[in-house]
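Just so it is clear: chains get the letters A, B, ... in the order the sequence lines come, proteins before strands, and each one is counted from 1. Source: prediction; values computed, not measured.
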Amino acid sequence: MGFVEQAVAAEMAQWAGFGQAGIDAKKIVENLSAPPKVEMGDLAFGTFRLAKELGAKPPELAAKFAATGKPGKLLSEVKAAGPYINLKLSRAEVTKLVLEEVERTSAGAQPKDWRYGASESGRGKTLVIDLSSPNIAKPLAVHHLRSTMIGYSIKKIRESQGWRVVGVNHLGDWGTGFGKLIAGLKKYFPDVEKRANAGDPRPLGDMSVQTLNETYARFNNESKGDDELVEAGKNEFALLEQYIEVLIGGTQAATGKAGEANFRIWQHARDISLSEFERMYAHLGLSFHLWPVVDLQLGRVLTSEPEAFYREHCLYIGESYYVAAEDLCRRIIADATANRVAEESEKAIVIYTHGKDRPPLMLVKNDGATSYHVRDLAAALYRHRHWQADELTYVVGGEQKWHFEQLFKALELMGHGFSKNCSHTEFGLMLFQQADGKWQKTSTRRGTAIMLEDLLDEAIKSVREIMVQKNPELANSPEGEKTAHAVGVGAVVFNDLKNGRRNNVKFDWDAVLDFEGESGPYMLYQYVRMGSVTEKFREVHGEPDFDNGDAGLLALDEEWRIVKLIAEFPEAVAKASAEFEPSIVARKLVEIASAASSWWTATKDTRIVGDNRELSLARVRLVNAIRRTLGRGLLLLGMQPVERM
RNA sequence: GUCCCGGUAGCUCAGUAGGAUAGAGCGGCGGUUUCCUAAACCGCAGGUCAGAGGUUCGAAUCCUCUCCGGGACGCCA
């Protein structure tokens with residue numbers, strides 16, 4: 001419960017009825033809720049649970065307690081209503097309490113300085129969050145937005161609760177697929193092999209990610225039913241994986257130059273992919289660094305302020321890291337086999353996590369290559385050890401739920417108790433309408449996906465068109481392009497985060513580009529309005545001195561509604577943090593923005609800023625709290641507030 | 001076939017540690033702008049909370065079954 005409820009409960013704990021029954025403030029808070037209709041009151045105390053404990057009838061209990069209740073500083077009216085005690089609050093006192101709380105936590109002029117809704121509940125604890133995790137050699141498509149933004153928002157939200165959060169981009173940069181890619185490159189682009197053999201560190205030249213993806217797709221298609229090509233792909237990956245033995249301290253294996261050449265091709269494909277990913281992440285306002293973080297001039301970048309570093313940046317740790325730079329995979333396979341957790345089956349090494357009648361988790365495939373399961377196990381151990389992670393979560397689509405159940409079970413079987421602190425933050429699929437009208441998931445490899453960059457470009461373009469109409473001055477100013485970018489990207493991000501993450505998303509251009517109602521632009525618009533009306537106050541009455549703003553002058557129902565919603569914000573953030581659910585924050589912001597917008601219209605006659613300085617000051621003080629709450633919330637969702645639009 | 005996730009207004013969704021008369025946005029209809037941004041606001045219409053049982057003083061919320069949609073089911077990750 002929020003700070004207002006706690007203050008009210010402390011007052012109620014003084015009632016004789018509660019004192020006699022031994023009911024303290026904590027217990028009172030647990031039974032407070034909002035009545036269904038505002039006319040009934042601001043809070044309701046339900047007696048159902050207490051009645052059961054005390055063996056009394058709820059209405060009688062409510063009447064008994066209410067009889068000893070009396071108005072106090074925060075409570076203005078107490079009334080028994082059946083099994084409930086309906087409570088009305090002193091608007092002036094509670095408004096003052098809420099405004100002071102926002103002001104206390106949100107000093108400073110910039111949204112990044114605002115901390116309203118923060119808590120220390122996670123102090124000293126570390127969460128490692130697996131987010132985004134695209135595959136290299138494939139462009140980022142719209143469905144990658146989900147893991148990226150849900151994950152990033154969760155990171156921000158957890159940090160607001162005092163957690164140290166390490167964001168890890170678990171790049172899909174290893175696996176038999178890359179054998180196919182290399183085989184395809186060698187087959188269709190003979191120069192690539194030549195350059196790689198000659199030791200050129202950029203054997204792919206200026207090849208784009210799109211070309212890499214097409215090459216893979218072409219080879220994959222052609223190899224269907226062609227055993228020779230399938231074998232070629234497997235061989236190329238085997239050479240790559242064997243070459244790794246050299247890197248982690250073994251001797252030059254039989255792979256010779258071919259392994260080294262494959263490694264070069266792979267590494268260049270990875271570099272090409274990362275630079276494209278970087279461009280997209282920059283659009284979204286995220287920053288990633290390759291792990292381990294090394295700066296050629298300064299040595300390790302992380303040296304002085306690792307905490308600040310983890311707050312500002314996320315890390316790329318590709319799957320290859322656990323194969324090529326650490327020998328965790330090898331050790332896991334050896335340990336699991338030695339401890340008889342793993343066994344051989346159909347020439348593969350597997351763990352039967354859920355009994356023999358369910359598919360096992362696979363460590364090594366029948367061709368001797370590691371599977372992604374073993375790399376995920378290695379990653380989990382690494383994260384737990386390296387960052388002393390208290391919790392570990394994977395922001396990955398719900399279709400992989402079974403994989404994570406197996407993964408966590410395997411960790412448990414291998415004796416790693418922290419498996420109980422691992423979770424799968426699953427989210428719904430992005431579905432696309434097919435020619436036959438059915439909604440289905442898409443595949444980058446089939447080339448049916450919509451590119452993330454195209455979506456962002458389209459959104460920015462639409463914003464620009466609207467801005468030319470609504471605010472031509474801004475549209476033509478240097479700030480215009482930056483604003484269009486922030487609003488366009490914000491529209492896409494908010495659209496993705498506003499609903500519960502488990503819902504499937506039916507991708508619909510019209511819906512994403514609809515900037516009215518519960519949309520990103522709407523949220524930003526209300527934020528902008530709060531800024532411009534504050535500016536108006538400065539023009540008319542000078543710099544606002546909020547300390548002198550009299551909360552008692554805020555007599556409108558709309559104002560009271562806003563105050564109550566703002567008071568609920570910290571709880572919403574705490575709940576979003578506990579449930580890994582950014583939409584809880586998004587929903588609360590919608591309510592606040594919408595209430596603020598109604599208020600804006602309701603004050604059309606008197607104006608928020610009018611001739612009466614006293615009233616204007618009180619209102620602008622509320623405006624300030626709205627603006628800080630909205631700004632803070634948008635930042636938690638990974639959006640960038642703008643000052644004009 | 002087995003196992004997951006979901007089904008709430010025409011559409012997209014909130015609401016689930018059980019609690020008072022189930023709420024938004026979009027779409028539809030009707031209104032609001034000499035004044036702080038109308039990307040806005042106000043009003044009206046629209047519901048067997050998929051269906052059937054059960055638990056309970058009380059169920060959209062918990063349990064069972066059925067139906068519908070999506071997903072996963074050893075060598076892609």
Side-chain angles (χ1 to χ4, degrees), chain A residues 30 33 35-37 40 44 46 48-49 51-52 57-58 81-84 86 133 135 170 172-177 180 220 234 319 345-348 350 354 357-362 364-367 369 371-373 375-376 396-403 405 426 428-429 431 438-441 445 463 466-467 469-471 474 487 491 498-500 502-506 508 510-511 514-526 528-530 532-537 539-540 583-584 587 590-591 594 597-605 607-610 616 620 623 644-645:
Chain A
E30 288 167 4
S33 61
K37 293 280 166 197
M40 296 174 176
F48 301 100
R49 248 171 301 173
K52 195 166 263 178
K57 288 209 161 68
Y84 291 96
N86 285 336
S133 308
N135 290 339
H170 190 62
D173 66 355
W174 206 251
T176 43
K180 288 185 188 174
N220 198 31
K234 284 190 176 182
E319 292 185 61
S345 165
E346 296 172 33
K347 288 187 188 165
V350 304
H354 292 69
D357 54 345
R358 312 225 26 201
L361 175 143
M362 186 165 297
V364 182
K365 304 192 291 185
N366 63 12
D367 60 2
S371 83
Y372 83 124
H373 298 99
R375 296 191 290 273
D376 269 357
V396 177
E399 73 271 25
Q400 290 202 52
K401 188 158 180 150
W402 172 240
H403 163 63
E405 278 179 31
E426 70 196 287
L429 292 158
L431 304 176
K438 286 204 165 190
W439 292 88
Q440 275 172 2
K441 70 177 274 194
R445 299 236 133 127
V463 166
I466 294 171
M467 207 158 65
Q469 284 175 25
K470 309 268 182 190
N471 195 342
L474 175 63
V487 176
K498 71 176 174 184
N499 292 328
R502 284 183 180 82
N503 293 317
N504 284 346
V505 176
K506 291 177 182 165
D508 176 3
D510 292 341
D514 179 4
F515 300 154
E516 290 173 9
E518 294 169 345
S519 68
Y522 176 87
M523 305 305 299
L524 291 165
Y525 182 63
Q526 304 312 330
V528 165
R529 275 177 154 184
M530 296 302 115
S532 67
V533 75
T534 306
E535 205 42 53
K536 179 79 181 177
F537 185 92
E539 283 171 26
V540 178
S583 69
I584 295 173
R587 287 283 151 195
V590 168
E591 289 185 73
S594 160
S597 192
S598 296
W599 178 48
W600 179 279
T601 308
T603 53
K604 275 288 179 195
D605 298 334
R607 328 268 288 161
I608 288 174
V609 173
S616 300
V620 170
V623 163
R644 293 198 295 160
M645 67 184 274

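The closest side-chain heavy-atom distance from A:D367 to A:T176 is below 4.5 Å. The closest side-chain heavy-atom distance from A:V463 to A:M645 is not below 4.5 Å. Side-chain atoms of A:V623 and A:F537, non-hydrogen and from C-beta on, never get closer than 4.5 Å to each other.
Atom C1' of B:U16 sits at a distance of 9 Å from the matching atom of B:C62, rounded to the whole Å. The separation of B:C41 from B:C49, taken at their C1' atoms, amounts to 30 Å, rounded to a whole angstrom. Annotation: B:A59 and B:C63 have their C1' atoms spaced 12 Å apart (nearest Å). The separation of B:U12 from B:C73, taken at their C1' atoms, amounts to 31 Å, rounded to a whole angstrom. The P atoms of B:G53 and B:A40 are separated by 45 Å, rounded to the nearest whole Å. Between B:A14 and B:G25, the distance separating the two C1' atoms is 10 Å to the nearest Å. Separating the C1' atom of B:C65 from that of B:C26 is a span of 36 Å, rounded to the nearest Å. Rounded to a whole angstrom, the distance from the P atom of B:A9 to that of B:C13 is 11 Å.
Looking at residues two or more places apart in sequence or on another chain, you find no ring-ring contact (aromatic ring centres under 6.0 Å, His included) involving A:F515. For A:K536, there are no salt bridge (Lys or Arg N to Asp or Glu O under 4.0 Å) partners at least two apart in sequence or on another chain. For A:E535, the side-chain hydrogen bond (donor to acceptor under 3.5 Å, both in side chains) partners at least two apart in sequence or on another chain are A:R538. Listed by chain and number, the residues in a side-chain hydrogen bond (donor to acceptor under 3.5 Å, both in side chains) with A:R587 are A:N499 (sequence neighbours excluded). Looking at residues two or more places apart in sequence or on another chain, you find no side-chain hydrogen bond (donor to acceptor under 3.5 Å, both in side chains) involving A:Y522. Under the rule for a salt bridge (Lys or Arg N to Asp or Glu O under 4.0 Å), A:R529 has no partner lying at least two apart in sequence or in another chain. With sequence neighbours left out, A:E399 forms a side-chain hydrogen bond (donor to acceptor under 3.5 Å, both in side chains) with no residue at all.
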Using a cutoff of under 3.5 Å, can you pull out all pairs of nitrogen or oxygen atoms linking the protein to nucleotides 69-73 of chain B, with atom names and distances?
unit_1, atom_1, unit_2, atom_2, d
B:G70, O2', A:N504, ND2, 3.4

N/O to N/O distances under 3.5 Å, protein versus nucleotides 56-62 of chain B:
none

Just the atom pairs and distances: protein N or O near nucleotides 14-18 of chain B's N or O, under 3.5 Å.
unit_1, atom_1, unit_2, atom_2, d
B:A14, OP1, A:G500, N, 2.9
B:A14, OP1, A:N503, ND2, 2.3

Polar-atom pairs under 3.5 Å, protein N or O versus N or O of nucleotides 40-43 of chain B: list them with distances, or write none.
unit_1, atom_1, unit_2, atom_2, d
B:A40, OP1, A:G517, N, 2.9
B:A40, O3', A:S597, OG, 2.9
B:A40, O2', A:R529, NH1, 3.2
B:A40, O2', A:R529, NH2, 3.2
B:A40, O2', A:S597, OG, 2.7
B:C41, OP1, A:Y522, OH, 2.7
B:C41, O4', A:T601, OG1, 3.1
B:C41, O3', A:S598, OG, 3.4
B:C42, OP1, A:S598, OG, 2.8

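A:D376 places its CG atom 16 Å from the P atom of B:C76, with the value rounded to the nearest Å. Straight-line distance from the CG atom of A:D508 to the P atom of B:G27: 13 Å, rounded to whole Å. Across the protein-nucleic acid pair, A:E426 atom CD and B:C5 atom P stand 7 Å apart, rounded to whole Å. For the pair A:M523 CE and B:G25 C1', the interatomic distance rounds to 12 Å; values are reported in whole Å. In this structure, the CD atom of A:E518 is 12 Å from the P atom of B:G27, given to the nearest Å. When rounded to the nearest whole Å, the span between CE of A:M645 and C1' of B:A38 equals 12 Å. Computed from coordinates, the A:K37 NZ to B:A20 P distance equals 12 Å when rounded to whole Å.
Side chain of A:N366 to backbone of A:A348: no donor-acceptor contact under 3.5 angstrom is found. With hydrogens and angles ignored, the 3.5 Å screen pairs a side-chain donor or acceptor of A:R375 with a backbone N or O of A:W174. A donor-acceptor pair is defined here as one N or O able to donate and one able to accept, closer than 3.5 Å; such a pair exists between the side chain of A:D173 and the backbone of A:E319. Judged purely by atom type and a 3.5 angstrom limit, A:S345 has no side-chain atom pairing as donor or acceptor with the backbone of A:V350.
For B:C76, the OP1/OP2 oxygens have no side-chain nitrogen or oxygen of A:K234 closer than 4.0 Å. Distances shorter than 4.0 Å separate some side-chain N or O of A:K604 from OP1 or OP2 on B:A38. Of the side-chain N and O atoms in A:S371, none sit less than 4.0 angstrom from OP1 or OP2 of B:C76.
Among the heavy atoms of the strands, none lies under 4.0 Å from A:K57. Contacts of A:E405 with the nucleic acid, taken as non-hydrogen atoms under 4.0 Å apart, are absent. Residue contacts for A:R375: at a heavy-atom cut-off of 4.0 Å it reaches the sugar-phosphate backbone alone, with no base atom in range.
Between the base of B:A20 and the side chain of A:N86 there is a donor-acceptor pair shorter than 3.5 Å.
The A:K365 side chain lies nearest to B:C76 when the options are B:C5, B:C36, B:C76. Comparing atom distances between the A:P35 side chain and each of B:C5, B:A77, B:A20 picks out B:A20 as nearest. Of the candidates B:A77, B:A20, B:C36, B:C36 carries the atom nearest the A:K536 side chain, counting heavy atoms from C-beta on.
Nearest-nucleotide positions on RNA chain B place A:M40 closer to the 5' end than the other of A:M40 and A:N471. Residue whose closest nucleotide on RNA chain B sits further toward the 5' end, between A:A44 and A:L474: A:A44.
Rounding to the nearest 0.5 Å places NZ of A:K498 at 7.0 Å from OG of A:S519. Within the model, atoms CG of A:L429 and NZ of A:K506 stand 12.5 Å from one another, a figure rounded to the nearest 0.5 Å. Remark: A:K604 NZ to A:W599 CH2 distance equals 12.5 Å, nearest 0.5 Å. Here A:K365 contributes atom NZ and A:K347 contributes atom NZ; the two are 15.0 Å apart, rounded to the nearest 0.5 Å.
Remark: RNA chain B forms stems of 3 or more consecutive Watson-Crick or G-U wobble pairs, all pair distances under 3.5 Å, at B:1-7 with B:67-73, B:10-13 with B:23-26, B:28-32 with B:40-44, B:50-54 with B:62-66.
The aromatic rings of A:H403 and A:Y372 sit parallel, their planes meeting at an angle under 30°, below the 60° perpendicular limit.
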